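Quick caveat, the model's predicted, so the values are computed rather than measured.
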Amino acid sequence: MGYFVTVDSGVKLYVEDINPHGKKTIVFLHGWPLNHNQFEYQYNVLPMLGYRCIGIDWRGFGKSDRPFEGYCYNRLADDVRAVVDALKLNNFALVGHSTGGAIAIRYMSRHHGFGVSKLILVASAAPVGFTQETAQSFLQLAYNDRPKMMQKVIDGFFFQYITKEFSDWFMKMGLDAASWSTIAIIHTLRDENLYADLSKIHVPTLIIHGIHDKVIPFAQAQELNELIPNSKVVPFQYSGHGTFWEERDRFNEVLWQFI
């Protein structure tokens with residue numbers, strides 16, 4: 001079931017709500033520059049185990065509206081809160097991948113973890129995101145050859161082999177985003193950090209990270225573990241940045257056992 005939730009200034013976010021009558025709710029925040037469909041291999045499995053799965057397209061991505069502004073972590077976290085309020089969600093697990101993990105962390109600090117019972121950070125772009133050098137490389141491509149930028153994302157994303165067909169699907173997800181939204185998030189990943197947010201997380205937190213991650217180094221997962229109270233790291237030995245697909249069976253099992 002898909003529908004739109006209005007947040008600030010009339011901006012509408014697309015929400016995919018799978019198995020609305022499930023016994024336990026999981027809210028998924030995708031990574032940059034993707035959309036809720038990146039969790040397809042969770043949506044296929046977890047609802048059959050009785051879970052309600054809610055995927056949110058951030059503003060500017062997927063099927064959501066594409067305003068020119070509003071791409072800082074504060075605004076993106078406020079958008080999540082608007083969805084939580086509109087759907088009257090409570091006692092849910094919050095899953096954030098990469099930049100979605102950073103947004104989840106800001107939600108936990110800015111909104112005092114409202115409604116969240118457990119937090120799952122997957123290859124989270126935190127405490128920091130992109131270096132100046134990485135950001136500049138992506139920005140140069142985004143302004144001049146965005147399909148090539150997206151190919152650069154794909155090339156560094158996976159440790160496991162992917163087929164051309166899978167790569168094409170991933171490419172389409174990235175190009176479905178607005179170009180200005182894609183660029184704005186690069187700036188956010190470069191300019192913002194989340195060190196001050198981490199001590200404010202007070203729910204059990206699971207940190208999933210591939211040891212071969214070339215996008216966000218595994219060392220950052222270890223740093224999060226040190227700085228977030230009541231957290232634990234689960235290393236994925238055969239994954240890069242895409243644990244949700246590369247080791248999807250184990251990922252799904254670790255996720256539902258933790259929740």
Side-chain angles (χ1 to χ4, degrees), residues 1-20 25-40 42-43 52-89 92 94-111 114-116 122 124-125 129-130 135 138-139 141-143 146-147 149-150 153 169-192 194 244:
M1 180 184 299
Y3 41 79
F4 290 89
V5 171
T6 302
V7 295
D8 79 309
S9 305
V11 173
K12 295 181 177 65
L13 299 190
Y14 180 76
V15 176
E16 192 75 54
D17 191 351
I18 306 163
N19 192 25
T25 300
I26 310 172
V27 174
F28 291 88
L29 302 179
H30 63 82
W32 171 89
L34 307 171
N35 57 55
H36 78 277
N37 287 307
Q38 81 166 76
F39 294 109
E40 174 176 325
Q42 284 64 61
Y43 303 149
R52 178 187 187 185
C53 293
I54 295 174
I56 303 172
D57 285 347
W58 318 335
R59 62 174 59 212
F61 294 80
K63 298 179 183 178
S64 291
D65 285 350
R66 303 175 168 199
F68 191 70
E69 62 285 314
Y71 298 99
C72 64
Y73 288 146
N74 281 351
R75 179 64 259 174
L76 294 167
D78 291 351
D79 287 350
V80 174
R81 176 61 189 265
V83 173
V84 169
D85 288 345
L87 274 58
K88 297 180 170 58
L89 301 179
F92 62 92
L94 181 59
V95 178
H97 172 258
S98 196
T99 310
I103 296 167
I105 289 169
R106 179 56 53 85
Y107 178 87
M108 297 301 294
S109 66
R110 185 171 170 84
H111 295 283
F114 182 82
V116 177
V122 184
S124 186
F130 288 158
F138 279 126
L139 285 169
L141 288 172
Y143 277 113
R146 191 159 64 102
M149 183 216 78
M150 191 59 209
V153 171
W169 173 68
F170 222 69
M171 172 73 76
K172 183 180 184 305
M173 252 196 291
L175 295 180
D176 278 347
S179 57
W180 53 90
S181 309
T182 301
I183 288 167
I185 294 293
I186 297 172
H187 286 285
T188 299
L189 285 165
R190 180 193 66 191
D191 298 340
E192 295 199 43
L194 296 127
F244 57 91

Would you compute the distance between atom CZ of F28 and atom CD1 of I18 and round it to the nearest 0.5 angstrom? 8.0 Å

Could I get the full list of ring-ring contact (aromatic ring centres under 6.0 Å, His included) partners for H187, not counting sequence neighbours? none

Might you point out which heavy atoms bring A142 and I186 nearest each other, and give the distance in Å? CB-CD1, 4.3 Å

With D79 via side chain to side chain donor-acceptor pair (under 3.5 Å) - residues at least two apart: R59, R75

Is D65 reaching over with its side chain to a backbone N or O of K12, donor-acceptor style, under 3.5 angstrom? yes

Would you give the length of the straight line joining atom CG of D57 to atom OG of S64, rounded to the nearest 0.5 angstrom? 4.5 Å

Do the non-hydrogen side-chain atoms of F170 and M150 ever get within less than 4.5 Å of each other? yes

So, using side chain to side chain contact (heavy atoms under 4.5 Å, CB included) as the criterion, who are the partners of A102 when residues are at least two apart? Y73, L194

To the nearest 0.5 angstrom, please state how far the CE atom of M149 sits from the CG atom of L139. 9.5 Å

About how many Å separate CD1 of I26 and CD of Q42, when rounded to the nearest 0.5 Å? 9.0 Å

With sequence neighbours left out, which residue pairs that include part of residues 169-179 fulfil the salt bridge (charged side-chain N to carboxylate O under 4.0 Å, His left out) condition? K172-D176

Hits for ring-ring contact (aromatic ring centres under 6.0 Å, His included) against F4, two or more places apart or cross-chain, chain-then-number order -> Y14

ring-ring contact (aromatic ring centres under 6.0 Å, His included) with F92: which residues, sequence neighbours excluded? none

Given the rule in the side chain to side chain contact (heavy atoms under 4.5 Å, CB included) test, do V7 and D78 qualify, once you have shown the distances and angles that lead to the verdict? CA-CA 8 Å; V7 295; D78 291 351; over 6 Å; no

Minimum side-chain heavy-atom gap F130-W32 below 4.5 Å: yes

What is the distance from atom NE2 of H111 to atom CZ of R81, rounded to the nearest 0.5 Å? 6.5 Å

Restricting to non-hydrogen atoms, name the atom on T182 and the atom on A177 that form the minimum distance, rounded to 0.1 Å. OG1-CB, 3.7 Å

Check the orientation of F61 and H30. Use parallel for under 30°, tilted for 30 to 60°, and perpendicular for over 60°. tilted

Please enumerate all residues that pass side chain to side chain contact (heavy atoms under 4.5 Å, CB included) together with Y3, with sequence neighbours excluded. M1, V5, V15, D17, R52, L87

Any residue meeting side chain to side chain contact (heavy atoms under 4.5 Å, CB included) with N74, in chain and number order, not counting sequence neighbours: C72, R106, R110

With the side chain counted from C-beta on, respond yes when I54 and L89 share a heavy-atom pair under 4.5 Å apart, and no when they do not. yes

Residues G55 and Y43: closest non-hydrogen pair is CA-OH, 3.4 Å

If I compare all heavy atoms of P147 with all of M171, which pair ends up nearest, and what's the gap? O-CE, 3.6 Å

Side-chain contact, heavy-atom cut-off 4.5 Å: N35 with K63? no

Any idea which heavy atoms bring P67 and S181 closest together, and the distance? O-OG, 4.4 Å

A side-chain contact here means heavy atoms from C-beta on lying under 4.5 Å apart; do V80 and L29 qualify? yes

Decide yes or no on side chain to side chain contact (heavy atoms under 4.5 Å, CB included) for L76 and T188, but give the supporting numbers first. CA-CA 11 Å; L76 294 167; T188 299; 5.6 Å; no

For the student: nearest non-hydrogen atoms of W169 and N37, plus distance: CZ2-O, 3.5 Å

Which residues pass the ring-ring contact (aromatic ring centres under 6.0 Å, His included) test with Y71, not counting sequence neighbours? none

Under the side chain to side chain donor-acceptor pair (under 3.5 Å) test, which residues partner S109, sequence neighbours left out? D197

Only counting residues at least two apart or in another chain, list the ones meeting side chain to side chain contact (heavy atoms under 4.5 Å, CB included) with R66. A178, W180

Could you list the residues that satisfy side chain to side chain donor-acceptor pair (under 3.5 Å) with T99, not counting sequence neighbours? none

Residue pair V116, Y107: steps toward the side chain to side chain contact (heavy atoms under 4.5 Å, CB included) verdict: CA-CA 10 Å; V116 177; Y107 178 87; 3.7 Å; yes

